[in-house]
Every structure is written in structure tokens, then in C-alpha cells.
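These numbers come from a predicted model, not from an experiment. As the structure lists them, so they are numbered: ligands from 1, and atoms in each ligand from 1.
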Amino acid sequence: MPIKFNKEKRVIHLYNKEISYLIHITPDNGLIHLYFGSYLKDYDLYSMAYNTSNYYSHLVNGVEEKALIENFNSDTSSMEFPCFGTGDYRPCAIKIKNHFGDETTDFRYVSHKVFKGKEKLEGLPCLYGEKDDFTTLQIKMIDSVTNVEAILEYCLATNYPVITRSVKIINKSKNDITIKKLYSACLDFKTDEYEFYRLTGRYAKERNIKHNKVMQGVQSISSLEGKSSHNASPFAALTSIGATEDYGDVYSVNFVYSGNFEIKVEVNQCLQTRLLVGINPETFEYVLEENQSFQSPEVVIQYTNKGLGEMSRIYHKLFNNHLIKGVWKNKKRPLLLNSWEGCYMNFDTEKIINFIKEASELGVEMVVLDDGWFGKRDTDESSLGDWFVNKDKIDLHKVINELHKRNMKFGLWFEPEMICPKSKLYEEHPDYAIASKNRNATLMRHQMILNMARQDVCDNIFDQLSKMLDEYQIDYIKWDHNRAITEAYCEKLGYKHMGEFYHRFILGTYSVFERLNEKYPHVLIESCCAGGGRYDAGILYYSPQVWTSDETDPIERLSIQEGTSFAYPCSSMGAHVSANPRTSYETKGHIAMQGTFGYELNPTLLTIKDKEVMKKQVEEYHKYYDLTHHGDLYRLIKNADNCNKVAWMFVSSDKKEALFTYVVPLRGYSELCYIKLKGLDPDKYYYCEQLNKTYLGKFLMEFGLNLTFKWILTNQSIQLYFKEKN
Ligand code: DGJ
């Protein structure tokens, strides 16, 4: 098995053909991180474990000489599971308060076991696979004073340079303990020669790529909103300095969690770098009674020395095959038209039927009715929580029949975790809404959040959605989430367990997703959060598509989609052509085809010319589907590089086809333009339909594509399809 234990050196080596991860168990059962990187056939333990920084030395088990002899210094050694209060002054991965009120925590190695496959994490999203896809290592550790166990889990992927990590804490003592902090993974690096990449933004500007050199001190990204947030995504990478799309070391972490998270990078006094990933300790505290346990969410850790482009391609494949699950995994998704920007909440049956007629002529395969069909909702002031059809406004049976007559599918919008004070649900169950005792509740968009930490609330929502899915033939759900949590409080948890609220909230949400996935496996869920405010690896487990952003201006979308493609598959990236006037429908189509592709407009207002463009687009969508959904993405010129040119391409895994897209964000600007393509077979000849020319793959990659004379000023973008010529 690819996890070997060298008893003499006390080294555990996790490896596959691309990576090695080495852990050393010290004589006094500390767990030292030795190495993570390219595969190593052999290694020198002394070089890896020895650190000369004993000047900074602190005590290990109270005996300084011992530390020197064993080269183990908790403040400067690389640690697998750094604890609080025993001489490691960097941010720790775990802190537990015991019944004496003592927060010192000192976990030591007890034993480990290795088995084939990967177990499911109870109640949490995680990577999955067949027995041969993963090998699992579980290391049992104990804090002997409190008798609390920690099981560190490492799952090594067989065919990817990837290891997942998570931790389970089991209280084997007779007394309560409080987990004050628990990161799912810690990665220690020997130097500060790294750049810290992350995805940050705001509403309608999600996931822009940012990076800087790490420096002494702490830098972090996090969320406190109860969701992963627009502000930052639970993903980060440390790269070698100057890493590019094609070159350089990349160590990245992708947290499989949709709630409050933190990714923290610290460079200490010895200029060593520590990376921690986990639930945000600021809104987390978890009490375990005797024999109770707590499972942390999973972090996917990835390494490549081939740059950021390769990092993304690894995530795309990994998530498409081992995270996204169910019927819709790798299955062709229907081309949809969403009603939101086309009519907002101003619709009736006739209007939607007209949408359907027009959409079907364009070749649209599914119409999604967005917000406004339920309770009594013509504005955003009411009815969230009342998931029954407003029959005075819309006849859903008629709408669905109209779709079925045309062999089309039907999708419907919900915002399951929300409640409006103006709703039947609130009248009946005001206590379902999250609110502090004796404080005014903050409203956002006239709504409050349901207390998903409560089982009865989750059951109510599941039952309401279930009723709708049983009565109407719904093929797709758009699951929205339009506000952040405030006044977090749950009376049922009581004083003792209140710190568990945020985590229990997201577990409750996950449980409703899971029940829907199980009971209605054919229903495709596209998750949404005021655009892309909850786009993370956790949500992808339940919903294979995510609405990327409420920003549908394609030029603004360039940076959003580019950043999203950094960490998540393009096949998950909701991207629609809207009526936004800034660009042509051709350009809108070229950019939307980087993601799931669909329309978000009023099809009854289109001109004949627009419709012709769209019909062609729909054909192209089908023709390029496999490439854009399963091909390898190469970001050729990044929007983040700010040079008024953006280019990317998809290449099929057999390298027989490629789709190249080039966009000039600001018009009226032309220059010589040569772009080197990537990922092709150097020895294959490729015919480009649009240019009616054949090129050698190596020529396209070494000299490049000369677009200087092909560039027509009136176009803002160009899309070129290449096919192997025999
Ligand atoms: C926010 C979403 O991002 C939009 O696409 C739309 O569904 C609205 N909510 C509806 O209220």
C-alpha cells in the first residue's frame, strides 16, 4: 500500500507517483511534519528533522537538553498537529479547555492504521471514491491529562497529487471538555519564500485572484457570515516566488465546507511559514461530554510543481470525479433559460408561457422560474418560508405542461434557509427565525434566517420542498441564500452549547440538501447565494452547479470566472448570456461558454438578428459541450494581469480538439497579437474551422497564433475551434 511505516526511523511515508508526504514520530511521541512535495524515493531523516534554531528553543516536556538531543523543538519544528500551551508559539491547530479550566493541550502519538478506500465523514461533504481511489491513514493521538483522543485522518488519492485531511476528537474522559479551536489541517514550511494566493471579492465581484509575498506576522482570509461568503473563498495556495500558470511549486488547500472558515498564514521569528485551514475559531466552541465526538470538515491538499494552471486542472478533474456526486455527475446538463433578469417578479402564466415558446425556438432545454412564484410575493418584502404556489399569480401545472409539450424541463427557485417576518411560516413559528433574546433582529432584504441548527426547522423545510417536488414535475432547483447571519442565537442549544450554533447551522443545511439528493436523485440543484456568495467545495457535493455571480456583464465576469476556475471546475460555474447592453451577443456567448452556459433574459424582446446569433450559439454549445465541461482548461492570458487581453482554451483529454477564446475587454484598441496556445499535441495537425487553416500543434504552441490580421475591430472577442486533421 502506498502508505509505508519505517519502524526504525519511525517515519510514515504517504506517496503516489507524483507526491510524497512524510511524518516522523519522535521518541517522545510528538508528530513532526518532515516533507510534502514531489515524490521522493528516499530521504535523509536527519536533514529533514534537524533544525538549528535551538537559539529560540523552548522546553519539550520540561527538559531542554532532551529537545536539543532529539532535535525536537516545538516552536521551530514543523508540526503535524500543533497544540496550545507547550512551547509552540505559532498559531495552534487545536486548543481544548478541560474541566479544570486548563487550556494546555498536548496530543501525543499512540498508534496508526492504514486501510484501502476512504470513509464518508458523518454529516459532512467530502471526497469519495472506490477502494482503489484512496488509501487512508488514521493516526491516533491522546492528550493523556484529559484522556481526549484525536484521530488525524489522511486520505491519499491514488491518481492525483492530493491528500485530504480531517480530525476527529473523542472525549474519553468522564468530564466535559470544550474544543476552543480545531483546524482541520496544518502545513508547516521551512522558509518564508512563498506567495500567498487567495480568492477575494464582494457582491458582484466574487473570487478575484490576489497574491502577495508572505511576511513575518499573520495574514488570513475568513468568513463570519455563516456562509463561505463573497468576501473570500475557502481556498488558498502557497507558491514558490514568481510561480506562473506553467511553472513553480504550488501547495494549495481547498476546504470542503460552506460555513465560517479561516485560512491563516503565519511567518514566525525564524521566518518559517505555517498554513492553517479550518472552521473559524472566532464563532466556534464545541462542548463534548463523556464519549461524545466531534468530526472536523475535510481539507483537500494538493501539490504540483507545474504552476497554477496545473493546480486548477487537478481540482477540476478531482472535483468532477470525486466530489460532485449523483445522477448529474458528468452527465450533460440541460441548457437553461432563467427568468430572473427577464422579468424579475413581474410575471403571470401567460408571460411565462410566452417565454417558453420563444425559448424553445432558440433551442433552450429547460426554463427556470426564479423568485416570486410562492406565498404572496411580488416584491422582496414577503413570503420567504411559504413554499406553496401563489395560484392567483401562476398556474404551474399549465407552465409544466407547456414545457413538456415541447420536450423541455422545468426548474424552480427556492430560498430554503430564509423566512420573511411577513409570511405564514413566521405567523405560525416566529421562533424558527434566528434572533437574539431581547434584541431587535437585523433585517436584510426584509428577511431573517431560519434556525437550521434545529431539527424541527430542517424537517419543516424539507417537508415543504418535498411536497412541491411530489406535486409538480420539477427537474431543477435553484437554491438561493440571500443574507448573512446576525444575532446568532438558538435557545434550544442553551448556554453550554451556544458556541456550536454556526457549525450546527451549516450541518442542518447540509442535511436538507442530502435528504433532497437522496429522495429526488434526478433533480439537479444549482446553488446560489446572492450570486456567488457560497461557492465552495462543500456546496459542490450537493449541487453540481453554482450561480457564479449576479454580475452578468460579461466583461466584469472575466475576472470572476477566471478566479472561480482557479479552484472549482468550469462545469460547475453558472454562466448566462443576459441582455446586458455593453457587449454583443456573440461576446456574451463566448464568455458564458466558459461555464455551464444558459440565458437570463426576456426572450420575447429579442430581435430577429439576436435570435439568429443565439440559435448558432446553441449549436455551438452542443458541439463544444464535452470540451468545455470535461476538457483541460489553460488560462493563456489572465484578466488579473491587466493587459486588456484575456485568452483561455479548453483541450480534450485525447488532445484531438481544442476551443480557444480571446476577449479584448476595452474596445477600440488594436495591436499586434500573437498568442501561444497550450496543451496541444505537438505532433498533431489541427484544422481551425473559423480561420480555414491547418497548423502543426507545436507551431501553435511555440510560435503561436497570429491574430493580428484576423482581428476585426468591431468584434470584442473571437472563438476558434481546432480539430485534429488526419
Ligand atoms: C439572488 C440571485 O443571485 C438572483 O439570481 C436571483 O435569484 C435573486 N436572488 C432572486 O431574488
Can you list, pair by pair, the side-chain donor-acceptor contacts under 3.5 Å of residues 441-448, counting residues two or more places apart and other chains?
| residue | atom | partner | partner atom | Å |
| --- | --- | --- | --- | --- |
| Thr442 | OG1 | Glu487 | OE1 | 3.4 |
| Thr442 | OG1 | Glu487 | OE2 | 2.6 |
| Gln447 | NE2 | Glu415 | OE2 | 2.8 |

Could you label the plane-to-plane angle of the Tyr520 and His522 rings as parallel, tilted or perpendicular, counting under 30° as parallel and over 60° as perpendicular?
perpendicular

So Glu262 and Glu282, side chain to side chain contact (heavy atoms under 4.5 Å, CB included) or not? Walk me through it.
CA-CA 9 Å; Glu262 185 180 49; Glu282 185 134 354; over 6 Å; no

Output all residues satisfying ring-ring contact (aromatic ring centres under 6.0 Å, His included) with His211, sequence neighbours left out; order by chain, then residue number.
Tyr197

Do me a favour and list the nearest non-hydrogen protein atom to atom 4 (C) of ligand 1 with residue, atom name and distance?
Asp550 OD1, 3.4 Å

Residues Asp536 and Arg207 bridged, charged N to O under 4.0 Å
no

I want to know if ligand 1 touches Gly531 in the polar sense, i.e. an N/O pair below 3.5 angstrom.
yes

Ala530 and ligand 1 - part of the residue with a heavy-atom distance under 4.0 Å:
backbone

Is ligand 1 less than 4.0 angstrom away from at least one heavy atom of Arg445?
yes

Please could you name the atoms of ligand 1 that Cys528 approaches to less than 4.0 Å, counting only its heavy atoms?
2 (C), 3 (O)

Just to check, does Lys478 reach to within less than 4.0 Å of ligand 1 when the distance is taken from its heavy atoms?
yes

Does any N/O atom on Glu600 come nearer than 3.5 Å to any N/O atom on ligand 1?
no

If we only count N/O pairs under 3.5 Å, is Asp480 in contact with ligand 1?
yes

Looking at Trp547, which atoms of ligand 1 are within less than 4.0 Å of one of its heavy atoms?
3 (O), 5 (O)

One thing to verify: whether Arg534 and Glu417 come together as a salt bridge, which I'm taking to mean a side-chain N less than 4.0 angstrom from a carboxylate O.
yes

Closest protein heavy atom (residue, atom, distance) for atom 11 (O) of ligand 1:
Asp371 OD2, 2.6 Å

Please work out, at 4.0 Å between heavy atoms, whether the side chain, the backbone, both, or neither of Asn338 comes within that distance of ligand 1.
neither

Is it the case that the ring center of Tyr542 lies less than 6.0 angstrom away from the ring center of Trp479?
no

Should the ring pair Phe505 and His481 be called parallel, tilted or perpendicular, given that the plane angle runs from 0 to 90° and is split at 30 and 60?
perpendicular

Would you mind telling me if ligand 1 is within reach of the side chain of Asp380, the backbone, both or neither, using heavy atoms under 4.0 Å?
neither

Distance from atom 6 (C) of ligand 1 to nearest protein heavy atom, with residue and atom:
Asp370 OD1, 3.4 Å

Positive for ring-ring contact (aromatic ring centres under 6.0 Å, His included) with Trp373, one of Tyr344, Phe414, Trp413
Phe414

